[in-house]
Trainee: 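Mind looking over this structure? Questions follow.
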Amino acid sequence: MLIKSAEYVISSPDFTKCPAPDKPEYAFIGRSNVGKSSLINMLCDNRKLAKTSATPGKTQMINHFVVNKEWYLVDLPGYGFAKVSHNARNRWGQMIENYLRKRENLVNVFVLLDSRHTAQKIDLEFVDQLGKWEVPFCLVFTKADKEKQKTVSANIRSFLDAMRKTWQFLPPHFVTSAVKKVGRDKILDFIEGHTKQTGLSS
Ligand SMILES: Nc1nc2c(ncn2[C@@H]2O[C@H](COP(=O)(O)OP(=O)(O)OP(=O)(O)O)[C@@H](O)[C@H]2O)c(=O)[nH]1
Ligand SMILES: [Mg+2]
């Protein structure tokens, strides 16, 4: 897919304030600092589109972008950020659960995982939750430029093996580097294929 345009639309504090659900939507989620905003910028070929930061917890709202005037891309706040209060974490949980379960045009969630680490409990719990809610998702192993390919492969295997214990079918997965622009075409092709199937787009 060729990116002809990518524009920021709105930041919403909860799902009721999101734009009208009139286009297929793809959301990016994962631990704080895993590289969600960087991946979005890499996909859209615009380094300034979504705000990135070396400090975890940068993204706090549901951020909508419209790509090619055809589909929505959503940057969500990260989970597992230790430095937030219990209340803030509960608020995050409610906001994300409502969004993920009620957003009717949501086609797929990309769950980002840091390819430098083996399977983490918090990520496994999150994908299990998505399964219970019947939200379709893919896995994206980020920051692949930061580790040897062998380690990245071993970490991916570690996550998929952990999932196999409870999942009968494994979701699709992608390996990315925002720095080296790895994984861009595959993710955009996935989105293009699904967008064509939804019947929501023009
Ligand atoms: N080397 C390398 N660094 C990356 C990559 N992706 C992100 N980073 C760095 O990781 C840090 C966090 O990136 P963000 O894109 O802001 O992460 P985020 O998941 O949006 O973070 P929150 O919004 O705080 O949840 C930044 O310093 C990025 O430059 C990558 O593919 N390779
Ligand atoms: Mg972010």
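Counting starts at 1 for both ligands and their atoms, following the listed order. Computation of the quantities below employed the complete heavy-atom set of this structure, encompassing side-chain atoms and omitting hydrogens, waters and symmetry-equivalent molecules.
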Trainee: Quick one: which ligand 1 atoms are inside 4.0 Å of a heavy atom on Gly78?
Mentor: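 This gives 25 (O) as the contact atoms.
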Trainee: Do Asn155 and Arg157 have side-chain atoms, one donor and one acceptor, less than 3.5 Å apart?
Mentor: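 Not at all, the side chains of Asn155 and Arg157 share no donor-acceptor pair under 3.5 Å.
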Trainee: Using a 4.0 Å heavy-atom threshold (strictly under), name the region of Asp145 that reaches ligand 1: side chain, backbone, both or neither.
Mentor: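 Side chain only.
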Trainee: Regarding ligand 1, does Leu39 bring an N or O atom to under 3.5 Å of one of the ligand's N or O atoms?
Mentor: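 It does not: no N or O of Leu39 is found under 3.5 Å from an N or O of ligand 1.
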Trainee: At under 4.0 Å between heavy atoms, which part of Lys146 makes contact with ligand 1: side chain, backbone, both or neither?
Mentor: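 Side chain only.
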Trainee: Under a plain distance cut-off of 3.5 Å, with no hydrogens placed, do Ser12 and Tyr99 share a side-chain donor-acceptor pair?
Mentor: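 Result is no, nothing qualifies.
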Trainee: Judging by distance only, is a nitrogen or oxygen of Thr176 under 3.5 angstrom from one on ligand 1?
Mentor: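 There is no such contact.
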Trainee: Could you check whether any heavy atom of Pro77 sits closer than 4.0 Å to an atom of ligand 1, since that is the contact criterion I want to use?
Mentor: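 No.
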Trainee: Looking only at the side chains, is there a donor atom on one of Ser37 and Asp75 sitting less than 3.5 Å from an acceptor on the other?
Mentor: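 Their side chains do contain a donor-acceptor pair, which is all the 3.5 Å distance test asks for.
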Trainee: May I ask you to check whether Phe174 and Phe190 place their ring centers less than 6.0 Å from one another?
Mentor: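 Close enough - the centres of the two rings lie under 6.0 Å apart.
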Trainee: For ligand 1, find out whether one of its N or O atoms is nearer than 3.5 Å to an N or O atom of Ala144.
Mentor: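 Min N/O separation from ligand 1 is not below 3.5 Å for Ala144.
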Trainee: Regarding Ser32, does it place an N, O or S atom less than 2.8 Å from the Mg ion (ligand 2)?
Mentor: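 Coordinating: no.
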Trainee: Let's go through Val152 and Val175 carefully: what are the C-alpha distance in whole Å and the side-chain angles of both, what is the deciding distance for side chain to side chain contact (heavy atoms under 4.5 Å, CB included) to 0.1 Å, and is it a yes or a no?
Mentor: CA-CA 9 Å; Val152 169; Val175 183; 4.2 Å; yes
Trainee: Check each of Ser32, Ala50, Ser177, Ser38 against atom 28 (C) of ligand 1 and report the one with the nearest heavy atom.
Mentor: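 Nearest heavy atom to atom 28 (C) of ligand 1 lies in Ser38.
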Trainee: Does the pair Asp189/Lys186 count as a salt bridge with the N-to-O cut at 4.0 Å?
Mentor: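 Between Lys186 and Asp189 there is no salt bridge, as every charged N stays at least 4.0 Å from the carboxylate O atoms.
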Trainee: Below 3.5 angstrom, do we get any N/O pair linking Lys51 and ligand 1?
Mentor: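 Such a contact does not occur with ligand 1.
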Trainee: Check Gly35 against Lys143 and note the closest heavy-atom contact, atom names and distance.
Mentor: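 Reported closest heavy-atom pair: N-CE, 4.3 Å.
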